[in-house]
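Written out below as structure tokens is the structure these notes cover.
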Amino acid sequence: MSREPLQAEPFKIKVVEPIKLPPREYREKKIIEGDYNLFTLKRDDIYIDLLTDSGTSAMSDNQWAGIMLGDESYAGGRSFDHLRQAVKNVLGFEYVIPTHQGRPAESFLFQTLMKEGSFVPFNMPFDTTGANIKAGGGTYIECVYDSAYESKEVLPFKGNIDLDKLKGVLREKGADKIPFIMITITNNTGGGQPVSIANMREVKMLADQHGIPLFFDAARCVENAYFIQQREEGYREKTIAEIVQEELSYAEGCTFSCKKDALVNMGGMIALRDKELYDRIIPLLILKEGFITYGGMSGRDEEALARGLYEMIDDEYIANRVQQVEYLGQRINEYGIPTVLPIGGHAVFVDAAAFFPHISQSQFPAEVLAVELYRECGVRGVGLGALCFMEEDEEGGEIHYPKLELFRLTIPRRVYTNRHMDVIADGLKRVWDRRESVKGLKIKWAPGVLRHFLAKLEPV
Ligand code: F0G
């Protein structure tokens, strides 16, 4: 298939939402008032918000039209039929369990499949996903290649599962202790890095040999498909729709936070092939979310999601989406600023430890960078480093720091233009130029769990 060179966004803008850069003195004040934690900021305090790509997409006119047509019947709603049909056509699964976002989907699936003492091999789980494994009495085991923890190593599929590691886990723990294997596509925690079809196929073969089902966390399965199309031998001529179908054909089912690739502001699901497993999960859905045809969503949410599922697999849309993230990454790399390489599908992950080599991990370089970028240009990103992931020994002794200390600039879908990307890159460059004079942060107060959302910090 021949493609035109892409010139610009494959959409025009019908509705706009004003944003303003608040004055520098105001930003300084907000940093202090908010105890150096950008989660305290209000929408109007921020110029460009890159906290997350989750639930922040701009919906299309077609999706908004669907909102008006949503059918709010308690049982047997028409919008659920549209969603179910879209899931079947786009993702290839017969059964859908609608939830309000990704994490209840994880919780229901894991509770149903796991028991106390289970082990679940992953490439890498997202933090709520890992927490849901633990909450079910299980332990997850990261089986991604070591290179995933090396930000500078450029490999096409850094989200891949290391089969030797996986075989080791299967040998050591035994198949009866492993209720399922799971792959996150793309691997958010490891920098939005993709997983190849070849790797999915091999993991699936191994899983079959041991009689273990394979599931995907498919939140960003379309961005993953774009990387396959661009990087994997034999996929250049395939459409995104075909690649998404093939990816998911290797899974028994998936959990899906629809707030990402599926272009809605709220919604999630479990999609399955197996009626028997579906029947085991739905009592949990009815208990915790709602009836089987709406679960955690309103009919209008389901209608917007059904349309979003078709829109997300448009070849021009997804190419433009991932290329915008790449554009920002390139601009940042041209200034010599270290990031996870290659640039991920949904975000640029700046290596905050390398950005501030004079600030130790105990002084939270990722949060420091978040504060400094906001101070510089009103842009909010998110620290994903020690503050988020460090763990203390049970006896309250040694602190274990995460391997990566990253600052994530997460790009919402269809929301900002490349001019915004320029402003972000230039602001980051100004922080880079004065990096040596920047000092670390320390904890003033922090809760026991979910530390980085609520922690109060202060300069050392
Ligand atoms: N899986 C992945 C890969 C995710 O990135 C997320 C959320 C979830 C599951 C959970 O889904 O939020 O709908 O309950 N990631 C967001 C982020 C919050 O900012 O990366 P959810």
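In each ligand, atom 1 is the first atom listed, and ligand 1 is the first ligand listed. We number each residue from 1, following the sequence as shown.
- Ring-centre distance between F80 and Y294: not below the 6.0 Å cut-off.
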Requested in this report: Just do the side-chain contact (heavy atoms from CB on, under 4.5 Å) check on E303 and M297 with the steps written out, would you?
Outcome: CA-CA 10 Å; E303 197 66 49; M297 282 190 260; over 6 Å; no
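- With hydrogens and angles disregarded, no donor-acceptor distance shorter than 3.5 Å links the side chain of E326 to the backbone of Q324.
- For H452 and F39, the gap between ring centers is short of 6.0 Å.
- Annotation: atom 14 (O) of ligand 1 to nearest protein heavy atom, R103 NE, 2.7 Å.
- At a heavy-atom cutoff of 4.0 Å, ligand 1 is contacted by the side chain of T184 but not by its backbone.
- Counting only heavy atoms of the protein, atom 8 (C) of ligand 1 lies nearest to F126 CD2, 3.5 Å.
- Inclusion of P104 in the set of residues having an N or O under 3.5 Å from an N or O of ligand 1 is not warranted.
- Residues E405 and Y401 bring no donor and acceptor atom of their side chains to less than 3.5 Å of each other.
- With a heavy-atom cut-off of 4.0 Å, R408 touches ligand 1 through its side chain alone.
- Of all the listed residues (K259, K260, E106), K260 holds the heavy atom that lies closest to atom 11 (O) of ligand 1.
- Closest heavy-atom approach to atom 3 (C) of ligand 1 within the set D217, D53, T255, T128: this belongs to D217.
- Contact atoms of ligand 1 toward T52: 17 (C), 19 (O) (distance under 4.0 Å to a heavy atom of the residue).
- Nearest heavy atom pair, residue A105 against residue T99, reads CB-OG1, 3.8 Å.
- Set against the non-hydrogen atoms of G102, the atoms of ligand 1 under 4.0 Å away are 11 (O), 13 (O), 14 (O), 21 (P).
- Classified by interplanar angle (parallel below 30°, tilted 30° to 60°, perpendicular above 60°), the ring pair F110/F180 is parallel.
- On a distance-only criterion, R220 and ligand 1 share at least one N/O pair closer than 3.5 Å.
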